[in-house]
Amino acid sequence: MLILIHHHTVDDMFSMIQQVRVNFSDEASQHLCIDTPNSLCNRDLEYSILVCMAVEQKLSVIEASKRLAAWTAVDRHILPEHKVIGIGSGTISPTSLDHSRSKFDSTVTGSTVPYVVERIVAQGLELNKDRVFIPTGFQSKELIVKANLRLGDVDQYPTIDVTIDGADEVDKNLNCIKGGGACHLREKVLAEAAVTYVFPPIYLLIFYLITLTSPLTTNAHARSFIVVADYRKNSEVLGTSYKSGVPIEVATFAYAKLLQNLHHLGAPAATLRMAKAKAGPVVSDNGNFIIDAPFPQEMLREPYSVRFPLLIHMRSFSLFPSFSVSIMQIHSTLTSPPYFPPPTHADVQLLQKIKMLTGVVEVGLFCHMVKAAYFGNQVRLPPSFLSRSIAFVPVPTPRSSLPILCFSFSLFHIHSHPLASILFPLPFEHLAQDGSVTVKWDDQHTERVERPTDP
Ligand SMILES: O=C(CO)[C@H](O)[C@H](O)COP(=O)(O)O
């Protein structure tokens, strides 16, 4: 990839670096900062900036990782018997990237969900002709229509076989931050709709009879909400790589009050999300505003559960979901008054606190909803100078002088010279997609899936 800024000032250069930091985060932007020669930071000069192969590699590795994750998840979870399929959304609208994925705007990374649709289409007409696809927003609707797949809506199909979606970040317990594309309300509805009802085995029926639990509760559900992402989004704790904050969809007239509420709740930097190509705020597909609320990581560590001393995690019983329902009922009886005092504000975790604020429509924290999360991996290859160089080359402009031209060429030649890595050892490593995917499951086991060939 080549990012070229002509006849711009140093300020533009730094705003571009900021942009890269936002778009690509972590290493790519560090490389840019490391390599900015201080001697060139002269505000009187105008620069052309060539940001070479390191960023290009980073982007293609990210794209390959997204595609690998999406393809592997589709292969393993969209099975011939699945007829109603939920399709998630991304951060980039299909108007800014070619649907066929053959052409990308090279200054942005693409979205993950188009790769999901691409792989579903590759399953063939025969399998797809009886299927209906439910979108989570404008982008996924476009993808479904352009791929000639049958479009449905969640009000027609309130139960979905499988939903596959992207995520902004996923933690070790499979809690996610979602809503970077402002679609998390519909995404959450489709995630919740993706359940499979399981009839309990006989020993659980006996258990129900003994405990006199209502038979109505014996229908437990298995989650079929699958998340796909690249390696950058696989974290221990939310807020590690996705720094923009928790996206919160709010009623438009309530945003100012909600900003105040969120500041008091622990996100003093919460802001209204502003549109990029329009004056004013982002308006969601549902006509609401989006607030991004960066909470401290401590509050994002376990954003869901209510802290009771007797709390029994559903997760411990995930092999026996029906059993866990009964346990939770007994547990909630024991932990309710008069046996136990009601929870105080401090006991209630972040998701509930935000959701309880009047005016909040939906919170982009998806807790205990994901069945499996797929991350395309990266691998670090030994450093190679040419593939990791970033050159900032000042070129003459009407206001620049000849010596500056000479300097720029010598700089360029030194960088291109085989001895350059000795003269200017740069701390870059070569990144690549190694053809593997990490899968995190809801029972907390992690699996590494190897693919014989890079798709
Ligand atoms: O939650 C979302 C949209 O609301 C997306 O799934 C999330 O932002 C990830 O998008 P991408 O695949 O483009 O990185």
Side-chain angles (χ1 to χ4, degrees), residues 65-90 101 112-136 140-141 143-145 147-154 156-167 170 174 176 187-201 219-229 318-319 321-322 366 368-376 435-443 445-455:
S65 302
K66 288 179 177 188
R67 187 171 58 171
L68 193 61
W71 285 25
T72 312
V74 169
D75 291 356
R76 298 175 108 207
H77 295 276
I78 310 277
L79 305 177
E81 63 268 28
H82 293 145
K83 299 298 176 204
V84 185
I85 294 159
I87 302 290
S89 302
R101 307 297 301 203
T112 320
V113 160
Y115 293 124
V116 170
V117 175
E118 184 180 70
R119 192 61 167 176
I120 290 173
V121 170
Q123 289 188 346
L125 272 180
E126 193 49 37
L127 276 181
N128 284 319
K129 74 176 184 339
D130 299 331
R131 285 176 171 162
V132 59
F133 295 85
I134 318 294
T136 46
S140 40
K141 189 171 169 182
L143 287 168
I144 293 166
V145 170
N148 287 324
L149 299 170
R150 186 142 67 95
L151 189 67
D153 210 341
V154 70
Q156 291 167 282
Y157 298 94
T159 303
I160 294 175
D161 291 326
V162 188
T163 293
I164 302 198
D165 201 345
V170 185
L174 293 187
C176 308
E187 288 171 339
K188 208 177 244 190
V189 170
L190 261 68
E192 283 185 6
V195 295
T196 312
Y197 287 90
V198 183
F199 193 73
N219 270 346
H221 67 262
R223 286 169 279 181
S224 301
F225 176 50
I226 309 296
V227 159
V228 289
S318 53
L319 280 178
S322 315
F366 286 47
H368 305 284
M369 299 179 85
V370 176
K371 181 190 178 74
Y374 286 71
F375 305 94
S436 74
V437 173
T438 296
V439 192
K440 293 204 287 198
W441 290 90
D442 58 353
D443 63 2
H445 88 272
T446 301
E447 182 191 359
R448 192 180 163 95
V449 183
E450 303 288 342
R451 279 183 71 96
T453 51
D454 203 16

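FYI, side chains are in, hydrogens and waters are out, and symmetry mates aren't considered; it's all heavy atoms of this structure.
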Next item on the list: Compare all side-chain heavy atoms of Ile120 with those of Ile87 and state whether any distance is below 4.5 angstrom.
Entry: yes
Notebook entry, point to check: Rounded to the nearest 0.5 Å, what separation is found between the CG atom of Leu68 and the OG1 atom of Thr112?
Noted result: 12.0 Å
Checklist line | Residue pair Tyr115 / Val228, side-chain heavy-atom distance below 4.5 Å | finding: no
Next item on the list: Count the heavy atoms belonging to other residues, nucleotides or ligands that lie under 6.0 Å from NZ of Lys141, then report whether that count exceeds 12.
Entry: no
Notebook entry, point to check: Just by distance, do the side chain of Arg131 and the backbone of His82 share a donor-acceptor pair under 3.5 Å?
Noted result: yes
Next item on the list: Taking the side chain as every heavy atom from C-beta outward, state whether Val170 and Val370 have any atom pair closer than 4.5 Å.
Entry: no
Note to self: Within a 6.0 Å radius of atom CD on Gln156, are there more than 12 heavy atoms belonging to other residues, nucleotides or ligands?
What the structure shows: yes
Note to self: Applying the side chain to side chain contact (heavy atoms under 4.5 Å, CB included) criterion to Pro135, which one of Val113, Val154, Leu151 satisfies it?
What the structure shows: Leu151
Item checked: Distance-minimising heavy-atom pair for Ala373 and Leu174 -> CB-CD2, 3.8 Å
Margin query: Counting C-beta onward and ignoring hydrogens, is there a side-chain heavy-atom pair between Lys371 and Ile226 closer than 4.5 Å?
Written below: yes
Next item on the list: Drop me the distance from Ile134's CD1 to Ser140's OG, to the nearest 0.5 angstrom.
Entry: 10.5 Å
Item checked: Side-chain touch Arg76/Val449, heavy atoms, less than 4.5 angstrom -> yes
Margin query: Would the distance check show the side chain of Asp161 and the main-chain N or O of Val84 forming a donor-acceptor pair, the cut-off being under 3.5 Å?
Written below: yes
Note to self: Would you compute the distance between atom NE2 of His368 and atom SG of Cys176 and round it to the nearest 0.5 angstrom?
What the structure shows: 11.0 Å
Check: What pair of heavy atoms forms the shortest contact from Gly88 to Glu187, and how long is it?
Finding: C-OE2, 4.5 Å
Margin query: If I take atom OG1 from residue Thr136 and atom CG from residue Leu190, how far apart are they, to the nearest 0.5 angstrom?
Written below: 6.5 Å
Notebook entry, point to check: Can you tell me how far the CG atom of Leu149 sits from the CZ atom of Phe133, to the nearest 0.5 Å?
Noted result: 4.5 Å
Check: What closest approach, in Å, do Ala147 and Val117 show between heavy atoms, and which atom pair accounts for it?
Finding: CB-CG1, 3.8 Å
Notebook entry, point to check: At what distance, to the nearest 0.5 angstrom, does CZ of Phe225 lie from NZ of Lys188?
Noted result: 10.0 Å
Notebook entry, point to check: So, for Ala372 and Val439, which heavy atoms are closest and what is the spacing to 0.1 Å?
Noted result: CB-CG1, 4.1 Å
Next item on the list: Return the minimal non-hydrogen interatomic distance between Tyr374 and Ala69, and the atom names on each side.
Entry: O-CB, 3.5 Å
Check: Taking the six-membered ring for Trp, are Trp441 and His77 parallel (under 30°), tilted (30 to 60°) or perpendicular (over 60°)?
Finding: tilted
Checklist line | Gln123 versus Ile78, closest heavy-atom pair with distance | finding: NE2-O, 3.1 Å
